[in-house]
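To start, the structure under review is shown below, and the notes come after it.
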Amino acid sequence: MMEWMKTTIVPHFNFWIYVVIMMLGLWAAIGKNNLIKKLIGLSIFQTAILLLYVSMGVKEGASIPIVDETMGEAAVDFMAQGGGGAGATAFPINPDLFANPLPHVLMLTAIVVGVATLGVALALCQVIFRDFGTLEEPEILNQIKTIQDDV
Amino acid sequence: MSEHLPVIVVLAPLFGAVIVGFFGSRDRRLCFPIALTALALSFICSIGVVHHVATVGAWDYFVGGWESPHGVGIQLRADGVNSLLLLAIAVVALLALVYSIRQDGEKDAEKSPFFYVLFLLLCVGLFGITITGDAFNVYVLIEITALTSYGLVAMGSSRRSRVAAFQYLVIGTVGASFYLIGVGYLYLAVGSLNMADIRAILAANPEIANSRIVGTALVFILLGVWTKMSLFPLHGWLPNAYSYCPSGSANLMAPLVTKVSVYVMIRILFSVFGLGVITENPGWSELVVLIAVGSIVAGSVMALTQREIKKMLCCLIVAEVGYMVGGTWLGDAGRWGLTGSMYHILADAMMTSCLFLAAGVFAKQFGATRLEHLSGLFRRSPWVAGAFTLGGLAMIGVPPMCGFFSKFYLIRGAIESGHWLYIVALLGSSLVNAILFFRIFEIAYFGEVPESSEPFEPSEGEGATPRRYAVWRTAPLLIAAALTLLLGIFNRPVIDLIRGTVVENTGIVSMEE
Amino acid sequence: MILPLDIILLIFLVIAAVLALKLRDLLSATMVFSIYGFLICLIWAEMGAVDVAFTEATVGAGISGALMIATIFKTARKSSD
Amino acid sequence: MQKLFATIAVIITGAILLNAVEDFPRFGDPHSPPNSGVSGGSVSSSVHYLQNTYLDTRVPNVVTAVLADYRGYDTLFETAVILTAGIAVFAILRVVRREDEEESAGSEEKACSGEFSTSDSDGEGRHRVVVGTTCRVVVPLAQLFGFYIIAHGHPSPGGGFQGGVVLGTSFILIALAAGLGSALGRLREDMYLRLACLGVFIYAGIGLLSLFFRRNFLDYGALSGLLQTGGEEMARSHGIFGVELGVAMTVTTVMFALFANLSTRGELKGGL
């Protein structure tokens, strides 16, 4: 058991947790009755995906993806001396020292999309509450059945 | 400027939306001309793109000039299929826009500028999804399309439209997130987001292409786009969402949103995973074709039970999505099924646009939302009835119309690959369409002109409309009907362009009929 | 990346998620949801994704909670499940 | 019934996902495909970003540069998503009542006149002293911090989006402490809707400028002549900053618009 956990779970711990959180969120988004609960579930579902992406970009022993200026200037000098070709000295920026920036960029976009969706969804909740006086899905669906033919 | 056409197609409605939002609330009369100009610009540019693709070949555009190394920036790619789809989107959007012209004094007139903003942003999303060559960019644009759709659906005046919009929102977000999960797995396996780059990596490393990660990625991307296009088990949201939204936006969303999702699926199969996944996994493609058959059957059966015109048309969309998904996954050697699906995307966009415009005209002009309200339509308004008939005939698949040719190619592909069940479903669904539409034709042709027809009572949600706007509603309908006919009659060049792309990308040698 | 911290935070994250979905009082659920947002912000920071952490701190732990509370004040506070 | 269906669907989804997790590269592996690429395609984009961002743009924060330059096309639409949310919430929720217009205009003016005046719900006036004073101290700081984040996105974490949210939060704070009328007096409705559109316009407009220099859309390097910078690198750096300003403008206004509409059920009167 311990051995299995060491070899299977721990190296992929983030990914296991991502699946667990995703399942929780998805379950709430589909299965809960209260609309606000659905939205909490939906948000949790979306953050689970963020966890997947950001976990991909992690490198052991790496720092945050900000290349400090001295290192950057060194790289500029290196290129100015025609560095790319012969390569007597190594290129000053070692990509292994920085976390992968691309997933971060993608997830910034995804967070923004998430909050935009949440805003629209909450507005819909309020309109639904104004029309039906409740936020419980079964009650709303019942009320809809009674107004079936007034359109 | 001509070298920037692919990006201008997307940018024109974006600038239009922003300008409408900025000036529209001050003077509402400006909204319509600005929106019209923006979409007309897109239309002209998409003609330019089609011309370039037809004469020169596929067109790559690198946003920000980040061309090398490949995959650093975002690539736009126009080929034989999506350039045509761009044109179709521009046409349908223009027609829907002309139809939806608002007038002062209507209720919620303060919101009409924002209707145009959402309308144009929806067009931005559709154009963008079609032309982009980057897997993540598709996600962002899908979300623009989705958010604008939620807004437009919820603008409907029925109480049910809000509930429909909320359900659409939950399902749509889950679908888009599934797509995002799929792209994430793909990125985890290959480390790139550019479609062409992923294709190259998968082709060079078969062990990656056959790994479980890439398989899961494919499953989730497909689940995501299937949710978005309302394929059979995931179709529940569509009829409600589209039939309760205001007809101005239904005319844009119903013909295009599902078709663009189908195109995303084809694009992903085509230029990311390669069509090999269809032929190498016969069991799975068999299953997908079965799902598609289920979608056709479900859509047709649901349509038969409906008495409301708009709901019936919405159910037919589900069946049409089944045609296209099934056709894509037939996997016949000549790729005729795929060709048929691609042509059907265009054909279906035109015919659905025609039918929904007609349904909108029925509702606004005659107050007719249910089948029995249409009685005596031919005598009341022969042009509207004639246009609706053309759309209906195209849906059934009567020869000179575009619906016939797509079904012809789909059936050819199905025969070559031996999917008899699909053929049965296709023909059965055509039969159902025939029953549905001939029932309407019968009511409309032989039915009595109702006594109270002249000053009709406006149904809830549509609002009374002065007669002088009638021409703005009827003209797009007639144009759509004419285009449905023309797309069928002049199908050769369209099919040739599509075949050219298919042949170029899949390496089939034979191009003979 | 610090693995033990990572594991502890992730376990707390799951607890917060379960609680946010379990609580029937929507106001408390929103509070726990904000805690969830803050925890996940810590996780981003710990994984080196500082920009994402910053955004999550402002959005997940800030704005989303405020918007949700505004909605709950204007609608119902109790949830049936 | 619904719960059962949800449980089954979720378990199937989870099982498919977990099945693939075992094949994943080890967590934190610096040589996994996303971190260093695989053979067969072009060079891994993330390595390219880390190595070349400073050379191309002189921006130390790689994330900012990738967000606003290399993948600026994504971010343009991300900003458009925010705008869409603002407009959609207005379209869905806003209650427009014509007969109330004169009255509401009057109350707005009253709100504008007093500093953090409590225009509504006077019953709790004594609590407002504490809250109002705190608010008066915190709001300028929060706004200053917001501008700092926007301006300092190049060398440190931050940028238009984060700064915009902080700025938007400062307006929300005013609304919470002194009533929505007070906040709306500082940022009127027609104003914030216009500013939101203007933000996207700035972004897309900066991108469009490069078309006139016969370069591709969003290629800020083309602006070096216009901005009088030494080379294309600094032009990119300035271009990124301009774009961030646009993002911040849209985000600030939309965040406030979301709160203003949601906290009053679309009537923009009263408040929580």
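In what follows, chains are A, B, ... by sequence order, proteins preceding strands, each numbered from 1. Side chains are part of it too, since the values below use all heavy atoms of this structure and drop only hydrogens, waters and symmetry mates.
- With D/Asn216 contributing its side chain and B/Gly64 its backbone, the two residues share no donor-acceptor pair below 3.5 Å.
- Of the two parts of B/Leu76, only the side chain, counted from C-beta on, holds a non-hydrogen atom closer than 4.5 Å to a non-hydrogen atom of chain D.
- Between the side chain of B/Arg212 and the main chain of D/Asn19, a donor-acceptor pair closer than 3.5 Å is present.
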_Applying side chain to side chain contact (heavy atoms under 4.5 Å, CB included) to B/Phe62 and D/Asp219, what does each step give before you reach the verdict?_
CA-CA 10 Å; B/Phe62 294 89; D/Asp219 190 345; over 6 Å; no

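- Contacts of B/Val117 with chain D are made by side-chain atoms alone, with heavy-atom separations under 4.5 Å and no backbone atom involved.
- Taking the six-membered ring for Trp and the full ring otherwise, the centers of D/Phe201 and B/Phe22 sit at least 6.0 Å from each other.
- Although no hydrogens or angles enter the test, the distance criterion places a donor-acceptor pair under 3.5 Å between the side chain of D/Tyr49 and the main chain of B/Val72.
- With a threshold of 4.5 angstrom between heavy atoms, B/Ile144 approaches chain D through its backbone and through its side chain.
- Residue contact with chain D, scored on non-hydrogen atoms closer than 4.5 Å, involves the side chain of B/Leu14 exclusively.
- Neither the backbone nor the side chain of D/Ser32 has a heavy atom closer than 4.5 Å to any heavy atom of chain B.
- Proximity to chain D (any heavy atom under 4.5 Å) is restricted, for B/Leu141, to the side chain, taken from C-beta onward.
- Note: D/Pro34 leads D/Ala85, D/Gly221, D/Pro34 in heavy-atom pairs under 4.5 Å with chain B.
- With a 4.5 angstrom heavy-atom cutoff, D/Arg94 touches chain B via backbone and side-chain atoms both.
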*Kindly determine whether D/Ile92 and B/Tyr150 satisfy side chain to side chain contact (heavy atoms under 4.5 Å, CB included), including the steps that lead there.*
CA-CA 9 Å; D/Ile92 295 168; B/Tyr150 310 147; 5.7 Å; no

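- For B/Tyr185, the ring pair (Phe, Tyr, Trp, His ring centres under 6.0 Å) criterion is met by D/Phe24, not counting sequence neighbours.
- For D/Thr13, the parts sitting under 4.5 Å from any heavy atom of chain B are the backbone and the side chain alike.
- Of the listed residues D/Val89, D/Asp190, D/Leu218, D/Asn35, the one with more heavy-atom pairs under 4.5 angstrom with chain B than any other is D/Leu218.
- Applying a 4.5 Å heavy-atom cutoff, the residues of residues 65-81 of chain D that approach chain B are D/Asp69, D/Tyr70, D/Arg71, D/Tyr73, D/Asp74, D/Leu76, D/Phe77, D/Glu78, D/Ala80, D/Val81.
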